[in-house]
Visitor: 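Below are the structure tokens for one structure; questions will follow.
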Amino acid sequence: MPPRKKARLTDKTASSDKTDNGKTASVAGKEEKAATSVGKNKEGSKSAGSAEYSHWLMKSEPESRFENGIDVKFGIEDLKGLPDQTSCWDGVRNYQARNFMRQMKEGQLAFFYHSNCKEPGIAGIIKIVKEAYVDHTQFDKKDVHFDATSKADNPKWSMVDVQYQRMMKRFLPLSELKKYHLQHCTSGGPLKDMALFTRARLSVQPLSSEEFDFILSLEDKEPL
DNA sequence: GCCAACGTTGGC
DNA sequence: GCCAACGTTGGC
């Protein structure tokens, strides 16, 4: 569901980010707890703070769909076609998804997932090129994702910038990932806890390195 | 277009 | 703080 984009990048207003994160953290305290406990189990839950993930999956809709007369279509081909093949990932309006975006670090990789379409699945790989900053669309009355409850002095929503890296060598359909997931639920394989299946509707989700690597390995296999 | 899953809201 | 009603996501 997330973004509908217009290649709008890095503005100077982004300098207020850190303070924003600090302030809103207390506002959204409950949700943060939920999200961190969710993201706890896998890699590096060593430090008392948040679990450290370094790989992600981000959903977007590659087919036209109109929300208040605005087309929310944004597939990987759209990202690829933008200047510098880079875009902000605006429009996320779910606290868990937002909190995961706030954990993202520059240089980390994410799968670009096509949702709500003929063939849902993983289409390619993107890279986080700018860490979380204020999502300006929450203040824009014309925007599909305008949020009247968010105040300029304490913004609720964040976004990151992502850059196209490459297409998958072959498209990895949801149906195939699901087969592995089910298989792994009995066999104990790497996809048994994959958020795509255990956390319905979450549009930005973490992957363990094992999950990420396993999915990458599917590129060179025959479709299941 | 249906509807299951699940997050959010608001009354109490 | 509980929980029913409601809204959204997203596969099918």
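Side-chain atoms are counted along with the backbone in the values below, which use heavy atoms only and exclude waters and symmetry mates. Lettering follows sequence order; numbering is per chain, from 1.
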Visitor: Tell me the interatomic distance from Leu177(A), atom CG, to dG10(C), atom P, rounded to whole angstroms.
Guide: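 The distance from CG of Leu177(A) to P of dG10(C) comes to 15 Å, rounded to the nearest Å.
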Visitor: Taking atom C1' of dC6(B) as reference, at what distance in whole Å does atom CD of Gln205(A) sit?
Guide: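 That distance rounds to 14 Å.
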Visitor: For Lys59(A) and dG11(C), give me the distance from atom NZ to atom P, rounded to whole Å.
Guide: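 Those two atoms, NZ and P, are 6 Å apart.
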Visitor: Starting at CD of Gln96(A) and ending at C1' of dC6(B), how long is that distance when rounded to a whole Å?
Guide: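 These atoms are roughly 10 Å apart.
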Visitor: Please tell me if Tyr113(A) has a side-chain N or O lying less than 4.0 Å from either OP1 or OP2 of dG11(C).
Guide: yes
Visitor: Under 4.0 Å between a side-chain N or O of Lys178(A) and OP1 or OP2 of dG10(C)?
Guide: no
Visitor: Could you check how far CG of Leu196(A) sits from P of dC6(B), rounded to whole Å?
Guide: 13 Å
Visitor: From C-beta outward on Asn94(A), which listed nucleotide comes closest to its side chain: dT8(B), dG11(C), dA5(B)?
Guide: dT8(B)
Visitor: Over all strands shown, is Phe197(A) touching base, sugar-phosphate only, or nothing at heavy-atom distances under 4.0 angstrom?
Guide: nothing
Visitor: Between dG11(C), dT8(B), dG7(B), which one does the side chain of Arg199(A) approach most closely?
Guide: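 That would be dG7(B).
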Visitor: In whole Å, I'd like the distance from the CE atom of Met58(A) to the C1' atom of dG10(C).
Guide: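 Checked: the CE to C1' distance equals 18 Å.
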Visitor: If you check every side-chain atom of Leu174(A), which of dT8(C), dG10(C), dG11(C) has the closest atom?
Guide: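 My answer, after comparing the listed nucleotides, is dG11(C).
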Visitor: Would you mind reading off the distance between Glu63(A) atom CD and dG1(B) atom C1', rounded to a whole angstrom?
Guide: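 The answer, rounded to whole Å, is 15 Å.
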Visitor: I'd like to check the side-chain contact (heavy atoms from CB on, under 4.5 Å) partners of Ala97(A); sequence neighbours left out, ordered by chain and number.
Guide: Val92(A), Asn94(A), Leu202(A), Ser203(A), Val204(A)
Visitor: Are the aromatic ring centres of Phe214(A) and Tyr180(A) under 6.0 angstrom apart?
Guide: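 Judged by ring-centre distance (under 6.0 Å), Phe214(A) and Tyr180(A) do meet the cut-off.
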Visitor: Round to the nearest Å and state the distance from Lys118(A) atom NZ to dG1(B) atom P.
Guide: 13 Å
Visitor: Would you check if the side chain of Glu63(A) reaches a backbone N or O of Lys73(A) as a donor-acceptor pair within less than 3.5 Å?
Guide: no
Visitor: Is a salt bridge present between Lys178(A) and Glu176(A), judged by a nitrogen-to-oxygen distance below 4.0 Å?
Guide: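 No.
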Visitor: More 5' along DNA chain B: Asn116(A) or Thr198(A), using each one's nearest nucleotide?
Guide: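 Closest to the 5' end, via its nearest nucleotide, is Asn116(A).
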Visitor: Using side-chain hydrogen bond (donor to acceptor under 3.5 Å, both in side chains) as the criterion, point out the one residue from Arg93(A), Lys156(A), Gln138(A) that pairs with Ser150(A).
Guide: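 Of all the options given, the one that passes is Gln138(A).
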